Structures are given as C-alpha cells and as structure tokens.
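Nothing here was measured: the structure is a model prediction, and the numbers come from that model.
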Amino acid sequence: MSRTVIEESAGKIDPKTLSCVGDYVLIRMLRREKSVGGIHLPKSANQGTELAIGEVMDVGRSVPNTRSHHRIPIDDIKKGEYALTIQYMGEDMKVGGDDYKFVREHGVWATVEFKDLKTWDIKDVHPRFNSILIEPEKEETTESGNIYLPNEQNAQSGVRRATVVKVGPGGWHLPSLKRLPVELNPGDQVVFQRYAGAVVKMNGTEYRLCQEQDIHMITEKV
C-alpha cells in the first residue's frame, strides 16, 4: 500500500482526461472539513480504521486473473458514485487544489448514497466484497473532548457484540471466476474485534463497516 503523493507538473494534468487501467479506480476526495455528520473520522488508534470518501471519476475495465488468464469485469462501481476507501490505501494526487486517490478496486470497501452531500448525511451504504455493515450494541461511554471512549469495564474487553445489517457479495474465487458468498447474513448476532473497521453514522445510528475476518463468531442473543 503506497503513500506516494503525486503533484501536478505546471498544471498540465487534467483529471477529466485520465482513464484508469486494469483494476484502478480514480477518486476525487471530499474535504474532511465538510464532515458535520455521516462519516466519523477517528482521532486515535482506539477509534478504528480511518475512512476516506470521494466521488468516483473513472474506473478500470477489469481485474486481471493470472491463474485462469481471464479478466474479471468491474461492474459494481460507476463514475459519479461515492466510494468509501481507507485513508492509507492507494496513491494520493493533488491537482488544482483538489485531492485525488488512485486505489485498486478491492480497496473500495463500499459505495454510499447521500441524503445531503453538504453535511455528509448518509442515506445508505452498499458493502463490497467481504465488507460487512454491523450495528454494535450500545455501551456506557465516557466523553473526552469530542471523542466518546468506552468505560473502564467495557474497554477491558477486546470484543463487542453487534447485529449484521448488510453484507457484501463476497470475494472472487479466481480458479472458478465465481464469488464466494460471505458466511454471515443480515440479522445475525455476532462478536467482533472492538476496534475493527470504521465508524459510519446513518439517521442518528452508529454503525461499523468492517471485514468478514473481523467477526469472531455468531452468537444467540440472551
């Protein structure tokens, strides 16, 4: 995962003229200062992974499969959609005062729909690959500045309970060129790593977008 920053040269790069090759996705990042609600950007390692969000400017045509010598088409990300990726993924590019990212398509965890783009008021989240949207059970918290931290008893536990809200379609099984479905289903009660994934807020409710491997087990609610 590169942290390369590409600077434009004498203003000669026009992002509108760029076309992605292979499985790259070009994203124009939304500025964080516009975030009043919707995406909660963590301010410490204990808050989880830091999400980045932006408008999809261009998408490569396919993912190369070296095993079967076929290419898997990219048909679930489109220009004009808004993509959620991880802050440290891909390569950063600054052009004309705007920030962009080149990200491999598997680095896009989800696409989102907005109620209000100005305030980042989210209408819906659509997980991709093995991404899962979960709703953690509420815990007692202590406020420290603008960060809500779990109380001492909760913080001693490395896991939390949650309900699965949405699951992605699964990752590709390259030899067969078929998707391997996620093992979980909406409504499942699960135990997950406490700080796994990243926080997303919709309609006043806090969710987490994480990966299937972050889920430890399914449990019955008591």
Side-chain angles (χ1 to χ4, degrees), residues 1-2 20-30 38-42 48-65 70-92 100-115 117 120 122-136 162-188 190 192-193 196-202 205-215:
M1 298 177 183
S2 173
C20 294
V21 175
D23 60 349
Y24 276 96
V25 180
L26 175 61
I27 303 173
R28 180 179 62 83
M29 309 313 299
L30 299 183
I39 301 295
H40 280 201
L41 298 173
T49 301
E50 186 174 358
L51 281 176
I53 186 169
E55 181 183 1
V56 177
M57 303 299 291
D58 196 68
V59 183
R61 294 183 179 181
S62 59
V63 181
N65 181 358
H70 289 83
R71 303 185 75 90
I72 302 171
I74 304 171
D75 55 9
D76 60 344
I77 314 177
K78 296 178 176 60
K79 290 183 182 180
E81 291 185 326
Y82 292 94
L84 287 179
T85 184
I86 309 305
Q87 188 64 40
Y88 58 76
M89 282 189 173
E91 298 179 355
D92 298 331
Y100 295 82
K101 270 186 180 293
F102 286 102
V103 182
R104 305 294 288 273
E105 64 104 18
H106 63 262
V108 177
W109 281 20
T111 57
V112 298
E113 298 178 46
F114 286 102
K115 289 182 181 178
L117 183 58
W120 285 26
I122 293 177
K123 177 181 178 181
D124 206 353
V125 175
H126 305 286
R128 302 185 66 247
F129 288 106
N130 295 324
S131 295
I132 300 174
L133 187 69
I134 59 176
E135 182 180 352
T163 301
V164 176
V165 178
K166 281 189 172 186
V167 300
W172 288 103
H173 179 248
L174 296 181
S176 66
L177 298 180
K178 295 181 179 180
R179 287 190 183 272
L180 292 176
V182 174
E183 190 174 354
L184 301 168
N185 296 293
D188 284 347
V190 299
F192 73 102
Q193 297 175 20
V199 177
V200 179
K201 194 171 184 180
M202 291 189 295
T205 301
E206 184 177 293
Y207 300 90
R208 274 189 181 266
L209 184 66
C210 60
Q211 301 292 289
E212 184 178 18
Q213 61 265 28
D214 297 325
I215 307 298

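Taking each heavy atom of Ile27 and Ala83 in turn, the nearest pair found is CD1-CB, 4.1 Å. For the pair Leu184 and Val167, the tightest heavy-atom approach, listed with the atom from each and the gap, is O-CG1, 3.8 Å. What you find for Val59 and Ile77 is that their closest heavy atoms are CG2-O, 3.8 Å. Across all their heavy atoms, Pro136 and Ala162 have their closest contact at CA-CB, 3.6 Å. Across Ala110 and Leu209, no two heavy atoms sit closer than the pair CB-CD2, 3.8 Å. Summarising the geometry of Pro169 relative to Pro127, their closest heavy-atom pair is CD-O, 3.8 Å, with the distance given to 0.1 Å.
Distance alone, capped at 3.5 Å, is enough to place a donor-acceptor pair between the Arg128 side chain and the Val108 backbone. Between the side chain of Asp58 and the backbone N or O of Leu26, no donor-acceptor pair lies under 3.5 Å.
With rounding to the nearest 0.5 angstrom, the CG atom of Asp214 is 8.0 Å from the CD1 atom of Ile132. Note that the OH atom of Tyr82 and the OG1 atom of Thr111 stand 12.5 Å from one another [nearest 0.5 Å]. The NZ atom of Lys101 lies 16.0 Å from the CE atom of Met57; values are rounded to the nearest 0.5 Å. Interatomic distance, CG of Asp124 versus NZ of Lys115, reported as 10.0 Å (0.5 Å rounding). In this structure, CD on Glu183 lies 9.5 Å from CG on Asp188, to the nearest 0.5 angstrom. Between atom CD of residue Glu135 and atom CD of residue Glu206 there is a gap of 9.5 Å, rounded to the nearest 0.5 Å.
Tyr207 is not listed as a side-chain neighbour of Val125, based on a closest heavy-atom distance of 4.5 Å or more. Looking only at side-chain heavy atoms (C-beta outward), Leu117 and Glu55 stay at 4.5 Å or farther from each other. Side-chain contact between Tyr24 and Glu105: absent, with no pair of heavy atoms (C-beta onward) separated by less than 4.5 Å.
Of the options His126, Gln211, Lys166, a side-chain hydrogen bond (donor to acceptor under 3.5 Å, both in side chains) to Ser131 is made by Gln211 and by none of the others.
Shown here is Lys123, whose NZ atom has no more than 12 heavy atoms of other residues, nucleotides or ligands within 6.0 Å.
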Side chain to side chain contact (heavy atoms under 4.5 Å, CB included) evaluation trace for Lys201 with Ile122: CA-CA 7 Å; Lys201 194 171 184 180; Ile122 293 177; over 6 Å; no
Steps toward side chain to side chain contact (heavy atoms under 4.5 Å, CB included) verdict (Arg179, Phe129): CA-CA 9 Å; Arg179 287 190 183 272; Phe129 288 106; 4.0 Å; yes
Met202 and Leu133: CA distance, side-chain angles, deciding distance, side chain to side chain contact (heavy atoms under 4.5 Å, CB included) verdict: CA-CA 11 Å; Met202 291 189 295; Leu133 187 69; 3.9 Å; yes
